[in-house]
Amino acid sequence: MAEKIDNLENLGQHRLNHLRELEAEAIFVIRETAAQFDNPALLFSGGKDSIVLFHLARKAFYPGRVPFPLLHIDTGHNFQETLEFRDYLVDKYGVKLLVGYVEDTIKEGKAKEDTGYYGTRNAIQSITLLDMIEKYKIDAALGGARRDEEKARAKERFFSHRDIFGQWDPKNQRPELWNLFNGRKHLGEHFRVFPLSNWTELDVWLYIYLEQIELPSLYFTHRRKVFNRDGVWLAWAPFMRLKPDEKVEERDVRCRTIGDIPTTGLTLSMASTVEEIVYEVATTNTTERGMRFDDKVSETSMEDRKREGYF
Amino acid sequence: MEQHTKLSKQEIKQKVDELLNNYLEMDLLRFTTAGSVDDGKSTMIGRLLYDTKAIFQDQLDAVERASIRRGEEQINLALITDGLKAEREQGITIDVAYRYFHTPKRKFIIADTPGHVQYTRNMVTGASTANLAIILIDARNGVVEQTLRHSYIASLLQIKHIIVTVNKMDLVNYDQQVYEKIKKDYENISQKLEVPDIRFIPISALKGDNVVEKSQNMPWYDGPTLLWLLENINITSDLNLKDPRFPVQYVVRPMNDEWHDYRGYAGRLASGVFHVGDEVMILPSGLTTKITSIHLSDRQLDYAFAPQSVTMTVADDIDISRGNMIVPVDNLPQQSNEVEMKICWFNQRPLQTKGRYILRHTTTEMLAMITDIIYKLDINTLEKNFEDKQIKMNDIARIKVRTAQPLFFDPYRVNRQTGAVILIDESTNETVAAGMIE
Ligand SMILES: Nc1nc2c(ncn2[C@@H]2O[C@H](COP(=O)(O)OP(=O)(O)OP(=O)(O)O)[C@@H](O)[C@H]2O)c(=O)[nH]1
Ligand SMILES: [Mg+2]
């Protein structure tokens with residue numbers, strides 16, 4: 001398979017197919033980040049986008065090492081599989097890992113946890129992230145966010161400026177011409193950089209298939225204790241509070257996107273290989289974020305969180 | 001509910017391989033919308049996505065809910081791209097929204113840009129990477145100042161294809177005379193543009209006439225629909241494959257035992273093709289050497305072409321760093337400390353003649369001074385004004401720039417990558433202008 005595609009790379013007259021064009025663009029952006037900033041970090045969530053981003057970063061600096069650490073914000077409510085996979089990658093490729101704990105942010109009294117049924121630690125992550133950025137003097141945080149995910153993300157630049165409070169000002173973004181990225185900033189400001197901006201969900205999956213990229217087991221079908229809340233299947237865990245009418249049952253599920261346990265809606269699926277996942281993604285009529293609880297809060301919840309410093 | 005796939009694993013694999021093959025063979029068209037505020041750009045993009053069924057159900061539901069909340073009777077298609085709170089409050093586009101879709105023929109990246117003059121910089125942002133621009137004109141208003149400004153900017157950016165859609169035909173009774181008059185007016189001004197391919201379509205974005213479906217209301221129009229044109233227009237690649245240019249982006253030095261003496265020059269080919277064995281010159285040093293290897297990650301290549309991101313090694317141990325450019329010895333770019341360029345000014349603070357700016361060009365940055373304003377463009381007439389030297393926000397001008405180091409460039413007309421610059425204000429760090437070297 002791989003060979004067949006690679007022949008297609010050169011569509012006759014020195015033309016890249018568009019997956020390879022997206023790859024070349026992402027590598028360019030990653031290298032530009034390493035060159036323009038003193039202290040970048042790659043925001044690693046354990047989800048497929050950050051895994052693809054890390055894969056591209058390894059390509060960008062081959063045969064050298066990735067010249068920046070991975071930064072993970074651990075809400076304390078993560079799937080065990082995500083953490084195991086994270087540690088496995090870090091170990092395999094000898095990259096440095098920084099972890100920020102939402103638990104610490106709560107203990108330090110910087111945020112109050114909402115422990116209601118719909119309470120998640122999602123919004124608190126932004127505070128933990130900004131603390132980590134300050135603590136490690138990170139001046140550019142590379143993220144795997146894509147413009148096709150959500151309507152506020154559709155407005156992002158590749159190099160997205162954040163003021164000293166870590167805030168995004170969507171009404172007043174810097175112009176971004178061609179691929180001449182302006183990463184200049186004042187002390188205390190930083191940038192978020194999104195090399196996968198132009199990728200769609202299908203692009204990401206096809207690329208994973210093409211490049212045979214390893215993924216955490218959560219993406220493939222497995223039997224799990226779950227419960228249904230407002231039409232969304234959520235994983236059961238000891239810290240998840242059930243409403244009286246909700247009952248735990250076992251189902252064959254998989255993740256289409258990975259956040260922490262309270263925010264990640266699961267898909268009922270028997271897909272056990274990347275091919276089957278590609279097939280599912282190509283034939284579905286909902287977006288991956290349609291199943292995320294964190295986006296359902298209000299019409300502009302993503303924009304609101306992003307303004308405050310979210311990924 | 002449970003999604004038990006009916007197909008066997010073998011069948012699925014076959015289908016996915018087929019999908020991948022088809023998908024990879026499709027070419028990519030990047031297009032942008034342009035035109036004055038409220039001419040219907042966002043509505044047209046919404047209509048295009050809606051009628052091609054390129055909107056996912058959950059997104060459609062969300063747009064429907066938002067439309068109802070706003071007290072609108074039918075789904076407001078502009079909300080598909082106008083996603084920011086402030087945009088929805090004001091009913092205008094503020095910043096570019098990027099959308100992605102494909103038909104069996106092509107893959108598309110859409111940049112829906114704002115028409116409001118205050119946000120011209122965001123229109124230029126969206127247009128700077130486009131192969132094609134759709135310029136909307138409100139049939140009731142005809143060609144207005146913003147139509148001219150955006151058309152001129154598209155031409156400046158060397159966008160080769162423009163589709164002029166005369167929109168809101170439903171509000172002028174689908175009258176052919178109205179359309180023909182606007183078409184004629186635009187053809188007149190287009191003589192002052194450098195756009196080789198201009199087409200016209202009468203549409204109603206709101207009602208859907210001639211966007212994806214052929215209109216029943218305008219039997220007098222026998223041309224193609226917008227979607228048909230987008231799928232079939234022949235896009236000759238904007239990439240220059242004749243003049244090899246490799247701006248060095250990053251130096252890879254693994255410094256481990258296995259790769260002890262390795263020094264790789266990483267970057268993205270701005271244009272052209274490089275082969276292993278090519279005799280090359282390093283700029284600005286002028287030293288010459290030979291390419292000994294080209295890598296794309298761990299894959300060895302015999303040659304690389306734009307826009308690939310690769311890593312090269314060379315035969316001699318010479319000093320090469322970020323901002324240098326590798327070029328073939330027999331095809332050199334121009335070199336100068338003083339260049340003329342057309343600019344589009346973005347900042348509230350007017351251009352300062354004799355002012356110092358940071359100039360960014362490929363992977364290099366240097367100090368620059370604007371030494372002279374040659375002319376300012378009068379947007380209404382598209383004539384050159386040699387008297388007025390006040391360059392303010394949204395103005396287009398031709399200027400002379402002196403740089404602290406020599407610039408190695410090709411004219412923008414010949415090479416979009418090595419002919420483009422941005423100017424940055426030293427004190428605010430803002431990008432204040434886009435420049436296209438003459
Ligand atoms: N009757 C009619 N109204 C239209 C048509 N197209 C757009 N409109 C209306 O015109 C208004 C402006 O439409 P938008 O799509 O927001 O315009 P725009 O060009 O994107 O505006 P900016 O992005 O702010 O420059 C809205 O009220 C639309 O419903 C059309 O074909 N017919
Ligand atoms: Mg609009």
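Scope of the values below: all heavy atoms of this structure, side chains included, with no hydrogens, waters or symmetry mates. These figures come from a predicted structure and were not determined experimentally. Chain identifiers are assigned alphabetically (A, B, ...) following the order of the sequence lines, protein sequences preceding nucleic acid strands; residue numbering begins at 1 within each chain.
For chain A, the nearby parts of V124(B) are the backbone and the side chain; heavy atoms of each come within less than 4.5 Å. Residue R360(B) touches chain A through both its backbone and its side chain, counting heavy-atom pairs closer than 4.5 Å. T93(B) touches chain A through its side chain: at least one heavy atom from C-beta onward sits under 4.5 Å away, while N, CA, C and O do not. Of the two parts of E258(B), neither the backbone nor the side chain holds a non-hydrogen atom closer than 4.5 Å to a non-hydrogen atom of chain A. Of the two parts of Q59(B), only the side chain, counted from C-beta on, holds a non-hydrogen atom closer than 4.5 Å to a non-hydrogen atom of chain A. At a 4.5 Å heavy-atom cutoff, H161(A) makes no contact with chain B through either its backbone or its side chain. Of the atoms belonging to A282(A), it is side-chain heavy atoms, and not backbone ones, that fall under 4.5 Å from chain B. Interface remark: I358(B) contributes side-chain atoms only to the contact with chain A (heavy atom separation under 4.5 Å). Contact annotation for E303(A): only side-chain heavy atoms (C-beta onward) come within less than 4.5 Å of a heavy atom of chain B. Looking at R58(A), neither its backbone nor its side chain comes within 4.5 Å of chain B, counting heavy atoms on both sides. Proximity to chain A (any heavy atom under 4.5 Å) is shown, for K85(B), by both the backbone and the side chain. Contacts of V310(B) with chain A are made by backbone atoms alone, with heavy-atom separations under 4.5 Å and no side-chain atom involved. Only the side chain of E23(A) comes within contact range of chain B, judged by heavy atoms closer than 4.5 Å. Interface residue I109(B): only side-chain heavy atoms are found under 4.5 Å from chain A.
Salt bridge R30(B)/E21(A): present, at least one basic N to carboxylate O contact under 4.0 Å. A salt bridge is absent between R224(A) and D252(A): the closest approach of a Lys/Arg side-chain nitrogen to an acidic carboxylate oxygen does not fall below 4.0 angstrom. For E211(A) and K59(A), the salt-bridge test passes: some basic side-chain N is under 4.0 Å from an acidic carboxylate O.
With chain A as partner, the option from R322(B), H295(B), Q417(B) having the largest number of non-hydrogen pairs under 4.5 angstrom is R322(B). Interface check for chain B: of the options A26(A), P170(A), G183(A), the most heavy-atom pairs under 4.5 Å are formed by P170(A). Interface summary for chain A: among T125(B), V421(B), I424(B), the most heavy-atom pairs under 4.5 angstrom belong to T125(B). In terms of heavy-atom pairs under 4.5 angstrom with chain B, the leader among E156(A), E189(A), R65(A), E32(A) is E32(A). Heavy-atom pairs under 4.5 Å with chain A peak, among K107(B), E430(B), R268(B), at R268(B). Ranked by non-hydrogen atom pairs under 4.5 Å with chain A, the options A111(B), A266(B), P254(B), S297(B) are led by S297(B). When each of A60(A), G64(A), A24(A) is checked for heavy-atom pairs under 4.5 Å with chain B, A24(A) comes out on top. The choice from H18(A), K155(A), E275(A), E176(A) that makes the most heavy-atom pairs within less than 4.5 Å of chain B is K155(A).
Within 6.0 Å of atom NZ in K9(B), more than 12 heavy atoms from other residues, nucleotides or ligands are found, so the atom counts as buried in its surroundings.
R416(B) contributes a side-chain N or O that, together with a main-chain N or O of L157(B), makes up a donor-acceptor pair within less than 3.5 Å. Using a distance-only test at 3.5 Å, with no hydrogens or angles considered, a donor-acceptor pair links the side chain of E11(B) to the main chain of S8(B). At least one donor-acceptor pair under 3.5 Å links the side chain of H361(B) to the backbone N or O of T418(B). For the pair Q308(B) (side chain) and A304(B) (backbone), a donor-acceptor distance under 3.5 Å is absent.
Checked against a 6.0 Å centroid threshold, the rings of F61(A) and Y250(B) count as neighbours. Aromatic pair F37(A)/F191(A): centroids less than 6.0 angstrom apart. The aromatic ring centres of Y357(B) and W345(B) sit less than 6.0 Å apart. Taking the six-membered ring wherever Trp is involved, the centroid distance between the rings of F181(A) and F158(A) falls below 6.0 Å. Ring centroids of Y412(B) and W178(A) are separated by less than 6.0 Å, placing the two rings close together.
With sequence neighbours left out, R31(A) forms a side-chain hydrogen bond (donor to acceptor under 3.5 Å, both in side chains) with T311(B).
The contact list for residues 192-204 of chain A toward chain B, using heavy atoms and a distance under 4.5 Å, reads S197(A), N198(A), T200(A), L202(A), D203(A) by residue number.
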Residue pair R99(B), D112(B): steps toward the salt bridge (Lys or Arg N to Asp or Glu O under 4.0 Å) verdict: CA-CA 8 Å; R99(B) 295 287 312 206; D112(B) 180 32; over 6 Å; no

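There is no side-chain donor-acceptor pair under 3.5 Å between D169(A) and Q173(A).
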